[in-house]
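Bear in mind that the values here come from a model prediction, so they are computed numbers and not experimental data.
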Amino acid sequence: MTTDEKYMMRCLQLACCGRNEARPNPMVGAVIVADGRIIGEGYHIRCGEAHAEVNAFRSVKKEDEHLLPEATVYVSLEPCAHYGKTPPCADLIVSKGVRRVVVGCLDPFAKVQGRGIKRISEAGIEVKVGVLEEECQDINRSFFTYHSKKRPYITLKWAQTQNGFIDDCHRRLHISSPFTQMLVHKMRAENDAIVVGRITDECEQPQLNVRHWAGRSPHRYVLSCEMPISKIIDDCYQRGLQSLIVEGGRKTLQSFIDQQLFDCIRIETAPITVSDGTPAPLLPKELRMVSKEHWDNRDIVIYEKPVGC
């Protein structure tokens, strides 16, 4: 790992501290390095409040301020160059007179898109872009998907038995354990919206909230003739909802798969078998497995579409 990568990794660690409160803004971390050490660091704590760069400069001790002209500022996402709820961070960086800026990835937001880099470069500051770029994009995949594809990042989620059924025709089946159910509620707290099918909503009346975790419950949708997939996707975009979880029955899940409207699939498999039930949806062939965890004797596997699909 190079020196730039090491400090960018610290930016990523800091950025993740704002996972819930920064939304709908992206998670961003910033680190200021001078004389071979970190003299300031910060992250975007809450939407509408100071950005990561501002918090990093605020954390610099008075006795270290004389080091800023020789400092390198590391930031996981391109500094903003427009006036929103806060002033442009690119202007702040220029005003501090630092020597160098290292950026993880460009910001896809229409009001930024390279303008922050241009502003800093035109001030005579050395700029390097693309350090741990894939990792910097990945932590904000919902933000990137929303702005590049004009739709939310979509995660399909279901739990299934060892022999591939999502329910039992003869009895009520609890596939998740209390702990893995808590993980689902954590996932809900980290997403903006959730959808189930009409039949699931009518028969099971799921609460779809985060009662087993701290955070905001996602906006609730029910898929129906009056609210089809296209309308749900468009409504999410219009409301600024950047991420959507799809739960519910096989028909609902398969309909998203058939339309190629998903980015991620999360499957929990329990050591249970049933003789008769509803088969789990059919997995697309082009998926790649990105993680596999084992909790409470259950496997949780996450798949993603390959880049370009």
Closest approach of [X] and [Y], non-hydrogen atoms and distance?
| X | Y | result |
| --- | --- | --- |
| Ala193 | Tyr221 | CB-CE1, 3.9 Å |
| Ile175 | Ala159 | CD1-O, 3.5 Å |
| Gly240 | Pro24 | O-CB, 4.3 Å |
| Ile139 | Ala15 | CD1-CB, 3.7 Å |
| Asn191 | Leu244 | OD1-N, 4.4 Å |
| Ser59 | Gly40 | OG-CA, 3.2 Å |

Distance in Å, [X] [atom1] paired with [Y] [atom2], rounded so as to fall on 0.5 Å steps:
| X | Y | atom1 | atom2 | answer |
| --- | --- | --- | --- | --- |
| Ile117 | Glu78 | CD1 | CD | 4.5 Å |
| Glu135 | Glu5 | CD | CD | 8.0 Å |
| Glu65 | Lys62 | CD | NZ | 5.0 Å |

| query | When the aromatic ring centroids of Tyr146 and Tyr237 are compared, is their separation below 6.0 Å? | reply | yes
| With Ile232, the side-chain contact (heavy atoms from CB on, under 4.5 Å) member among Val222, Val195, Leu241 | Val195
| query | Hey, which of Ile120, Val94, Val129 is the one that makes side-chain contact (heavy atoms from CB on, under 4.5 Å) with Val101? | reply | Ile120
Of all residues at least two apart in sequence or in a different chain, which pass the side-chain contact (heavy atoms from CB on, under 4.5 Å) check with [X]?
| X | result |
| --- | --- |
| Ala22 | His44 |
| Glu202 | Arg198 |
| Gln13 | Arg10 |

| message | Can you confirm whether more than 12 heavy atoms, excluding those of Ile199, are under 6.0 Å from its CD1 atom? | response | no
| query | Are more than 12 heavy atoms from other residues, nucleotides or ligands located less than 6.0 Å from atom CD of Glu134? | reply | no
| request: Please identify each residue that fulfils salt bridge (charged side-chain N to carboxylate O under 4.0 Å, His left out) with Glu21, with sequence neighbours left out. | output: Arg46
Donor-acceptor pairs are to be reported for all side-chain atoms of residues 276-284 against protein atoms at under 3.5 Å, with residues two or more places apart or in another chain.
| from | atom 1 | to | atom 2 | distance (Å) |
| --- | --- | --- | --- | --- |
| Thr278 | OG1 | Asp167 | OD1 | 3.0 |
| Thr278 | OG1 | Asp167 | OD2 | 3.0 |

Please determine if [X] and [Y] form a salt bridge, counting it only when a charged side-chain N lies under 4.0 Å from a carboxylate O.
| X | Y | answer |
| --- | --- | --- |
| Asp263 | Arg141 | no |
| Glu247 | Arg188 | yes |
| Asp168 | Arg171 | yes |

| note | Thr145 meets the side-chain hydrogen bond (donor to acceptor under 3.5 Å, both in side chains) criterion, sequence neighbours left out, with none
| field | In one Ile/Leu/Val/Met/Phe/Trp/Tyr side-chain cluster, 4.5 Å: Met27, Tyr153 | value | no
| field | Common cluster, Leu12/Val131, ILVMFWY with side-chain heavy-atom separation under 4.5 Å | value | yes
| query | Once the angle between the rings of His185 and His212 is folded into 0 to 90°, is it parallel (under 30°), tilted (30 to 60°) or perpendicular (over 60°)? | reply | tilted
